[in-house]
Amino acid sequence: MHIMQMILEAARSPILVVNKWDLVEKTYRITADYDAYLQAKYKFATWIPTIYISALTGQRVAKIKDLIVQVWKNRNQTLPEAELKNILNKAILNKAPSASGLIQPSVHIGKLLPTHH
């Protein structure tokens, strides 16, 4: 089993930390190129935040803590039912589910369930 699959199945909030960034030859597109590569490799998890660091030089290492805090806040975010319903309805308007016959599907109640830590 792939480690990424294990993390997702365990319902954890992953952060992809790419080390050895000091060894990469820098170009104006290098980060965008690596981002594209990672998104293609992990198509099922493109929402995972990524940070490029160098443990040797300390480049961006301190920013890992900030990213952990942000991911924790996102994981523990709560939304009132009305706000969640609005978000879901906007999403349905942008890409409506297939209707069978003349009845268009709609959302009546939406709940944001707690995550397990």
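In this chain, residues are counted from 1 in sequence order. All values reported here derive from a predicted model rather than from experimental measurement.
Residues I15 and W47 do not share a hydrophobic cluster, defined by chaining ILVMFWY side chains whose heavy atoms lie under 4.5 Å apart.
Checking side-chain atoms of K26 against main-chain N and O of V24 turns up a donor-acceptor pair under 3.5 Å.
Considering all non-hydrogen atoms of both residues, A45 and L8 come closest at CB-CD1, 4.1 Å. Considering all non-hydrogen atoms of both residues, R60 and I51 come closest at O-CD1, 3.7 Å. Residues A11 and R75 approach most closely at O-NH2, 2.8 Å, considering heavy atoms. Contact between P14 and P49 at its shortest, heavy atoms only, is O-CD, 3.6 Å.
When L38, V71, I7, L16 are each tested for a side chain to side chain contact (heavy atoms under 4.5 Å, CB included) with I48, only one passes: L16.
Distance OG1/T50 to CG/L67: 8.5 Å, rounded to 0.5 Å. One distance of note links CD of E83 with CG of L88; it measures 11.0 Å at 0.5 Å rounding. Distance check: T46 OG1 to K41 NZ gives 15.0 Å after rounding to the nearest 0.5 Å. With values rounded to the nearest 0.5 angstrom, K85 atom NZ is found 15.0 Å from L79 atom CG.
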Next on the checklist: If you apply the rule ring-ring contact (aromatic ring centres under 6.0 Å, His included), what do you find for W21 with Y34, and how did you get there?
Outcome noted: CA-CA 11 Å; W21 202 240; Y34 270 81; 5.1 Å; yes
Checklist entry - Going through the distances and angles, do Y52 and D22 end up as a side-chain hydrogen bond (donor to acceptor under 3.5 Å, both in side chains)? => result CA-CA 9 Å; Y52 299 93; D22 55 298; over 6 Å; no
Checklist entry - How far apart are the C-alpha atoms of D66 and Q70, what are their side-chain angles, what is the distance that settles it, and do they pass the side-chain hydrogen bond (donor to acceptor under 3.5 Å, both in side chains) test? => result CA-CA 6 Å; D66 297 334; Q70 184 61 49; over 6 Å; no
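The number of heavy-atom neighbours closer than 6.0 Å to OH of Y37, taken from other residues, nucleotides and ligands shown, is 12 or below.
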